[in-house]
**Student:** 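Let me give you the structure first, and then I'll get to my questions.
Reckoned from all heavy atoms, side chains included, excluding hydrogens, waters and symmetry mates. For the single chain, residues carry numbers from 1 onward in sequence order.
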Amino acid sequence: MISKYLKESAHSRLQNFSQSHLAQFLGNKLFECASGYGEKPLRVIRTSFIITVIFAIIFLMGIKYLNWGNIDGEQSILVHSVVSSMESFTTLVHASPGEFEKLSARLVATTEAFFGALLIALFLFTLTRSIHR
């Protein structure tokens, strides 16, 4: 019952927003989409998958057009970009910066690592909250 009340309360706040509270509205909307107001761990997994795919595409474009790495073959470029995205998502600090020698590639990897840490924490929060009920 408590979670239903919290979800309905957050949803009604979303419906009654004003222009002066645009940042709060966007934050509530993002929280709803990413985790169902902290009640749906599977939404966090879906959001994590979407973030990983988006960054894999960014890595793929960076490898192809910005010379982020010397990789031969189309399939190995795709595999390398997916693996790089998954590694960046779960790692805050890369031990060997040799893979990402260019500063732009390291910035992208660090940005994904930041989102990864936030989403992992959000997943743990939603999971424990759903188990606690």
Side-chain angles (χ1 to χ4, degrees):
M1 264 172 91
I2 293 173
S3 68
K4 185 177 179 181
Y5 169 75
L6 291 174
K7 284 171 58 176
E8 288 177 2
S9 170
H11 187 68
S12 70
R13 279 195 312 258
L14 236 132
Q15 299 301 322
N16 302 321
F17 81 97
S18 66
Q19 287 296 92
S20 63
H21 297 103
L22 183 62
Q24 187 177 16
F25 168 76
L26 292 175
N28 280 340
K29 193 66 178 166
L30 182 64
F31 192 47
E32 176 195 11
C33 292
S35 68
Y37 299 115
E39 298 291 330
K40 298 183 178 183
L42 289 178
R43 280 198 187 180
V44 181
I45 292 172
R46 181 190 66 195
T47 304
S48 300
F49 179 75
I50 291 169
I51 294 288
T52 304
V53 168
I54 289 170
F55 277 92
I57 293 169
I58 293 171
F59 281 122
L60 181 69
M61 295 300 142
I63 290 170
K64 275 188 165 184
Y65 302 114
L66 300 176
N67 298 323
W68 284 356
N70 297 326
I71 300 158
D72 297 328
E74 284 294 318
Q75 185 179 8
S76 61
I77 291 175
L78 179 64
V79 170
H80 184 72
S81 60
V82 169
V83 169
S84 294
S85 178
M86 293 172 92
E87 286 175 348
S88 296
F89 187 83
T90 58
T91 307
L92 277 176
V93 178
H94 293 279
S96 60
E99 183 179 349
F100 302 113
E101 291 180 7
K102 297 214 176 202
L103 187 59
S104 57
R106 289 174 54 196
L107 179 65
V108 169
T110 305
T111 303
E112 185 179 11
F114 177 74
F115 285 129
L118 288 177
L119 285 168
I120 290 169
L122 183 60
F123 175 72
L124 291 175
F125 170 75
T126 57
L127 186 64
T128 56
R129 190 169 179 172
S130 66
I131 290 172
H132 187 265
R133 282 184 278 124

**Student:** Applying side chain to side chain donor-acceptor pair (under 3.5 Å), name anything that partners Ser85, two or more places apart in sequence or on another chain.
**Tutor:** Glu112

**Student:** For Ile54, what residues pass the side-chain contact (heavy atoms from CB on, under 4.5 Å) criterion, not counting sequence neighbours?
**Tutor:** Ile50, Ile58

**Student:** In Å and rounded to the nearest 0.5 Å, what is the CD1 to OG1 distance from Ile57 to Thr52?
**Tutor:** 11.0 Å

**Student:** My understanding is that only residues two or more places apart in sequence, or in another chain, count here; which of them pass side-chain contact (heavy atoms from CB on, under 4.5 Å) with Thr90?
**Tutor:** none

**Student:** Report, as yes or no, whether the 6.0 Å neighbourhood of atom CZ on Phe115 holds more than 12 heavy atoms from other residues, nucleotides or ligands.
**Tutor:** no

**Student:** Would you check, one step at a time, whether the test side-chain contact (heavy atoms from CB on, under 4.5 Å) holds for Val82 with Val79?
**Tutor:** CA-CA 5 Å; Val82 169; Val79 170; 5.9 Å; no

**Student:** If you apply the rule side-chain contact (heavy atoms from CB on, under 4.5 Å), what do you find for Phe55 with Thr111, and how did you get there?
**Tutor:** CA-CA 9 Å; Phe55 277 92; Thr111 303; 4.1 Å; yes

**Student:** Stepwise, does the side-chain contact (heavy atoms from CB on, under 4.5 Å) test hold for Lys102 with Leu66?
**Tutor:** CA-CA 9 Å; Lys102 297 214 176 202; Leu66 300 176; 6.0 Å; no

**Student:** Rounded to the nearest 0.5 Å, what separation is found between the CZ atom of Phe123 and the OG1 atom of Thr128?
**Tutor:** 10.0 Å

**Student:** How far apart are the closest heavy atoms of Leu122 and Ala34, and which atoms are they?
**Tutor:** CD2-CB, 4.3 Å

**Student:** Let me confirm one number: the CG-CH2 distance from Leu60 to Trp68, rounded to the nearest 0.5 Å.
**Tutor:** 10.5 Å

**Student:** Sub-3.5 Å donor-acceptor pair from the side chain of Thr91 to the main-chain atoms of Ser88, do we have one?
**Tutor:** no

